[in-house]
Amino acid sequence: MKLIHEMDLTKIPFHLKFHYAAYSELPNFYHSHQGLEMIYIYAGQGDILVNRKVYEVRPNSLYIFQPYQLHRIRLHVTTETPYIRSKFLIEPSIFYDRLQHMPLLQKFFLQIWKHEIAQPVIYDMQSNPFVLELMKEYQSRIKTPSPAPEIQEEGFLFLTQLFQLLKNNWQTHLFGDAPGVLQKREYHQAEHVIHWLEEYMHEPLELDRIADELHVTKHHLSRLFKKATGSTISEYMTVLRIQKARRLLETTEHSIEQISQDIGLGNVSYFCEIFKKAMGITPLQYRLFLLKHP
């Protein structure tokens, strides 16, 4: 399964899919998108891990994932408990440019796109009836994602109104000054593990050391992390390392061997193997692709 879900958003910059359902289990894995992704959930049970935090899946909630932001959606789906959602995938640079005559909304969207979002999940959105009315209206206009100009124009109009609603009603929630929301949330032990993995990614993975620092047994730590995130600590570390390797390939001229060392993998062959498994191409092929598509 690829780490990054690629989609040509230059052809369909506003890829909107309204109110569709799943009635059987879906894959549970870490991934990211090159665009800005927003998911509105009407019904479902499970949890979502994003930005080192685990959020419960609740009806009538919105989840925002920034470009290339790792996240994992873990759901319990049956015929009795379906997963019903609308998903909006946006090419942020194109949407930003089209907001040039709306400077305040453009500034707000830039925050969503490039700044840290304190609370990327908004619960109980049905409290504002305009949100559901807006989605119901455009669901009838946009039957399926399409590059057709009229569908893209409808998509732009929908997103403009949606972001205006977010700006007017939830800006403080998203970007801070909402102490009640932040203080009520307990810091999960698994999040301490993720912080540790991010800080010591360049070093060999030592579960004993993490367990000692968190004052738990190695067995308990592994079980707790698996239950909270749906993956093992080793699997999550691999995802982090691939993400960092991709950034280094994009932003530096370091050799493949040096990058392998930088992410804590001394074995270059193993690094190339796991990179290809996650990305679909080798590190060298990825770098050559970047040179051809600057």
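When a residue number appears, it is its place in the shown sequence, counting from 1. Keep in mind that the numbers below use all heavy atoms, side chains included, and drop hydrogens, waters and symmetry copies.
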>> Any side-chain to backbone donor/acceptor pair from Q66 onto H115? Under 3.5 Å, distance only.
In response: yes
> Heavy-atom count around E253 CD within 6.0 Å, excluding the residue itself: above 12?
Replying inline: no
>> I'd like to know if the side chain of N267 and the backbone of S269 have a donor-acceptor N/O pair within less than 3.5 Å.
In response: yes
> Given P120, which of F65, Y55, Y63 fulfils the side chain to side chain contact (heavy atoms under 4.5 Å, CB included) condition?
Replying inline: Y55
> Would one find more than 12 heavy atoms of other residues, nucleotides or ligands at under 6.0 Å from atom NZ of K218?
Replying inline: no
> Between E56 and Y123, does a side-chain hydrogen bond (donor to acceptor under 3.5 Å, both in side chains) hold up when you go through it step by step?
Replying inline: CA-CA 10 Å; E56 179 187 0; Y123 291 122; 5.5 Å; no
>> Under a 3.5 Å distance rule, please check whether T81 uses its side chain to pair with a backbone N or O of V77 as donor and acceptor.
In response: no
> How far apart are the C-alpha atoms of E198 and R52, what are their side-chain angles, what is the distance that settles it, and do they pass the salt bridge (charged side-chain N to carboxylate O under 4.0 Å, His left out) test?
Replying inline: CA-CA 10 Å; E198 291 177 338; R52 303 184 298 274; 3.4 Å; yes
>> To the nearest 0.5 Å, what is the distance between OG on S146 and CD1 on I12?
In response: 6.5 Å
>> Applying a strict under-4.5 Å side-chain criterion to I, L, V, M, F, W and Y, I'd like to know whether L284 and L291 cluster together.
In response: yes
>> Could you go through H71 and E37, starting from their C-alpha distance and side-chain angles, then the distance that decides it, and tell me whether this counts as side-chain hydrogen bond (donor to acceptor under 3.5 Å, both in side chains)?
In response: CA-CA 11 Å; H71 57 281; E37 182 185 25; 3.2 Å; yes
>> Applying salt bridge (Lys or Arg N to Asp or Glu O under 4.0 Å), can you list everything that pairs with R72, at least two apart in sequence or on another chain?
In response: D47
>> Under the ring pair (Phe, Tyr, Trp, His ring centres under 6.0 Å) test against F18, which residue among Y138, Y40, F88 passes?
In response: F88
> Does NZ or CZ of K277 fall inside the cone over F275's six-membered ring, less than 6.0 Å from its centre and within 45° of the axis?
Replying inline: no
>> Tell me whether I73 shares a hydrophobic cluster with Y23, the cluster being built from Ile, Leu, Val, Met, Phe, Trp, Tyr side chains joined at under 4.5 Å.
In response: no
> Taking the side chain from Q261 and the backbone from Q258, do they hold a donor-acceptor pair closer than 3.5 Å?
Replying inline: no
>> Let me check something: do I151 and Y20 share a hydrophobic cluster, defined by ILVMFWY side-chain heavy atoms less than 4.5 Å apart, either directly or through other members?
In response: no
> Do the side chain of S61 and the main chain of V57 share a donor and acceptor less than 3.5 angstrom apart?
Replying inline: no
>> Closer than 3.5 angstrom, by distance alone: can the side chain of S260 be matched with the main-chain N or O of L265 as a donor-acceptor pair?
In response: yes
> Are I242 and I281 connected, step by step, through hydrophobic side chains (Ile, Leu, Val, Met, Phe, Trp, Tyr) whose heavy atoms are closer than 4.5 Å?
Replying inline: yes
> Is the distance between the ring centroids of F109 and F95 under 6.0 Å?
Replying inline: yes
> Under 3.5 Å, side chain of H173 to main-chain N/O of V121, donor-acceptor pair present?
Replying inline: yes
> Which pairs pass salt bridge (Lys or Arg N to Asp or Glu O under 4.0 Å) with one or both residues in residues 153-176, sequence neighbours excluded?
Replying inline: R141-E154
>> Would the distance check show the side chain of Q152 and the main-chain N or O of F14 forming a donor-acceptor pair, the cut-off being under 3.5 Å?
In response: yes
>> Check for me whether R85 meets the cation-pi criterion with Y42, that is, NZ or CZ under 6.0 Å from the six-membered ring centre and within 45 degrees of the ring axis.
In response: no
> Between atom CE of M135 and atom CD of Q161, what is the distance when rounded to the nearest 0.5 Å?
Replying inline: 12.5 Å
Side-chain donor-acceptor distances from residues 201-211 under 3.5 Å, at least two apart:
unit_1: E203; atom_1: OE1; unit_2: R209; atom_2: NH1; d: 2.6

> Got a donor-acceptor contact below 3.5 angstrom from the D124 side chain to the S127 backbone?
Replying inline: no
